[in-house]
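Here the structure is laid out as structure tokens; the discussion comes afterwards.
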Amino acid sequence: MENKKQETVLKVEDLRISFRAYGGLVKAVRGVSFDVKRGETVAIVGESGSGKSVSIKAIMGILAGNAIIEDGRIEYGGMDLTKVTEEDFHHIRGNRIGLIFQDPLSALNPIMKIGKQITEVLLINDKKMTKEAAKEKALELMRAVGIPQPELRFDQYPFQFSGGMRQRIVIAIALAGDPEILICDEPTTALDVTVQAKILELINKIKRERNLSVIFITHDLGVVANMADRVNVMYAGKIVETGTSEEIFFKPAHPYTWALLSSMPDLQTNERLLAIPGTPPNMIHPPKGDAFAARNRYALKIDYEQEPPYFKLSDTHYAATWLLHPKAPKVELPAVLQARIDRMRKSGEIDG
Amino acid sequence: MAEEKYLLEVKNLCRHFTSGKGKNKLTVKAVDDVSFAVRPAETFGLVGESGCGKTTTGRTIIRLYDPTDGKVIFDGREISGPMTKELRQYLTDNIAMIFQDPIESLNPRMTIEEIVGEGLAVRGMKDKEEIRKMVHEMLEKVGLTEEHATRYPHEFSGGQRQRVGIARAMIVKPRMIIADEPVSALDVSIQAQVINLLNDLKEEMGLTILFIAHNLSVVKYFSDRIGVMYYGRLVEVANGDDLYAKPLHPYTKALLSAIPEPNPITERTRQRVDYDPERDHDYSEEQPTMVEVEPDHFVYCSPSELKAYRKQLGIAD
């Protein structure tokens, strides 16, 4: 954050992905653009089906067989990842971009010893490495991710580990290739709060030590506040608002972001929750205009006719809503949300 | 205290699971000596991490499991004794359950009308028209429409399915609902809809709810009083505001300090506390018990810890 001129390591431009399905083409991602700078954490927030996981699967080159990349570029290290062959992807995946999955149990091979699962990555990536050196490196990684008694744990199977410890192993495997980008797809959703807090601390620590860029996918805004430098809010296959953490939490501009922020109770909430009515649209036939319009209590007539462009709020803060158009009627933040933001600012002042 | 009227009283409830035989025999004390009481029209929240026994407690109360030891008393009647046809009837008439997974808990081969109306049919209601009318009314109440009655569960979204689950529980007009993680399988925007719905129903029908969840913010928002569970034991019981303002048990403190709040300013400076029972308690000389530290605030602690807690709250012994 201090250094504004950081180098951009990954750039996604106007990505469009559809899936062939029985009913027709499911338009999962409809023009997503974002970039990731070195050493920063970028969060992508959204509900299930908003296209956040599909976007990062495209970055990793692990889209399902019925997916079609219709348009767009993913620029990384002078390449366009949408056009890289599977053969070349082997050198990028794991080696330069690491991925941590949501469910640590299904990400691990149940009948292979933990140690072997880590050394496997090392041996494949470096053909000259000896088994002894690989073991040494694996133990070092296990220590780095906070696994007690690594020598003993090296010869154990995944079922002998708790959920949090398994996730640490998955992180160790992701780090084994020494990547420069770490993608975390809901890494703590399956874990308990106290374990979640420890894993988040670990990811932050590793990020600082190795100057990693992290792409963090989640639906939990509390986790976002903890981790992210910048936040992208996704809805129905599009990024509806993007900004720094402070901008998204304290100056949200898109009605969907408002709704997300005010729909979950925090520890001080007593008033009625502002639920978002209805359900997300069917992406086989995405609605004309703004996809959120039907659930948006502030929807204007134009929202049903024309997709809103991005309106600039600051150098880092953009939102796609017609409410920001100079001719749009002035809309106040929902009172509940305003009260919560005031309270958050205040608590920040006292603590900080 | 003893004079006060409780709807549900749980006294020293234990539920142990055993596996293996002989020297391989293993006993898991999923619920161990848990006592609490719920007042009429109150919402009692049970929180804890996975495996702490909160779900087992709920299931033992409604007799999906038989208790190993202890008593459960509902409205003055013991419901933890031997199961008879009459007791089963009494239980299902008075207590209903809402489950976590809205997909697994609905029979995919039954229409919504059959699912919601089944409880009435089981209770001997024969008039199909009457059942249909009541189902339609109930669906309306939970925010669905009559047209939904003839559809099957797969045609619904997660939030709508959970509404069906709520309608099924409510149609028999129970006096108490056990809601086991009713919103944790739902998307954020849908969670708020279901929480609001439960809140409305609670007020409208004067329901007593035992709310089981792991998300502390949701439990705090929804419950009047909260019990914190750790490894099969209840370690602290207090009303919501007290529990968050002045947690006493070190586990409660650890749990509270681990909740990420949607506030970037406080999140960056948040200090997390760890809980380690070996380090935080010295029970070598004194045995801990559940004690009322201040009115309506119970903590599982030893006499010397109690002294320290009282001092912390500024209460004289």
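What you see is a predicted model, and the numbers here were worked out from it, not measured in a lab. Per chain, numbering begins at 1; letters A, B, ... match sequence-line order.
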Handout entry: Crowding at CD, Glu209(A) (>12 non-hydrogen neighbours, <6.0 Å)
Key = yes

Handout entry: Gap separating the CG atom of Asp290(A) from the OH atom of Tyr256(A), nearest 0.5 angstrom
Key = 12.0 Å

Practice task
Kindly indicate, with the supporting measurements, whether the criterion ring pair (Phe, Tyr, Trp, His ring centres under 6.0 Å) is fulfilled by His281(B) and Tyr275(B).
Solution key: CA-CA 10 Å; His281(B) 305 289; Tyr275(B) 175 60; 5.7 Å; yes

Handout entry: Under 4.5 Å from a heavy atom of chain A, the part of Ile195(B) involved
Key = side chain

Practice task
Under 4.5 Å heavy-atom distance to chain A, tell me which part of Gln191(B) shows up: side chain, backbone, both or neither.
Solution key: side chain

Practice task
With a 4.5 angstrom heavy-atom cut-off, could you sort out which part of Asn199(B) is near chain A: side chain, backbone, both or neither?
Solution key: neither

Practice task
Mark yes or no: Lys52(A) above the aromatic ring of Tyr235(A), with NZ or CZ under 6.0 Å from the six-membered ring centre and no more than 45 degrees from the axis.
Solution key: no

Exercise for the section: Before giving the answer on ring pair (Phe, Tyr, Trp, His ring centres under 6.0 Å), spell out for His249(B) and Tyr230(B) the whole-Å C-alpha distance, their side-chain angles and the decisive distance to 0.1 Å. Expected result: CA-CA 11 Å; His249(B) 197 276; Tyr230(B) 180 75; 7.6 Å; no

Practice task
Check whether Val223(A) gets within reach of chain B through its side chain, its backbone, both or neither, counting any heavy atom under 4.5 Å.
Solution key: both

Exercise for the section: Tell me, out of Pro265(A), Pro280(A), Pro277(A), who's got the most heavy-atom pairs with chain B below 4.5 Å. Expected result: Pro265(A)

Handout entry: Residue Ser157(B) versus chain A: region with a heavy atom under 4.5 Å
Key = side chain

Exercise for the section: Sort out for me which of His219(A), Arg340(A), Arg272(A) touches chain B most, counting heavy-atom pairs under 4.5 Å. Expected result: Arg272(A)

Handout entry: Greatest number of heavy atom pairs closer than 4.5 Å to chain B - which of Leu274(A), Val193(A), Asn226(A)
Key = Asn226(A)

Handout entry: Residue pair Asp274(B) / Ala254(B): nearest heavy atoms and the distance that separates them
Key = C-CB, 4.1 Å

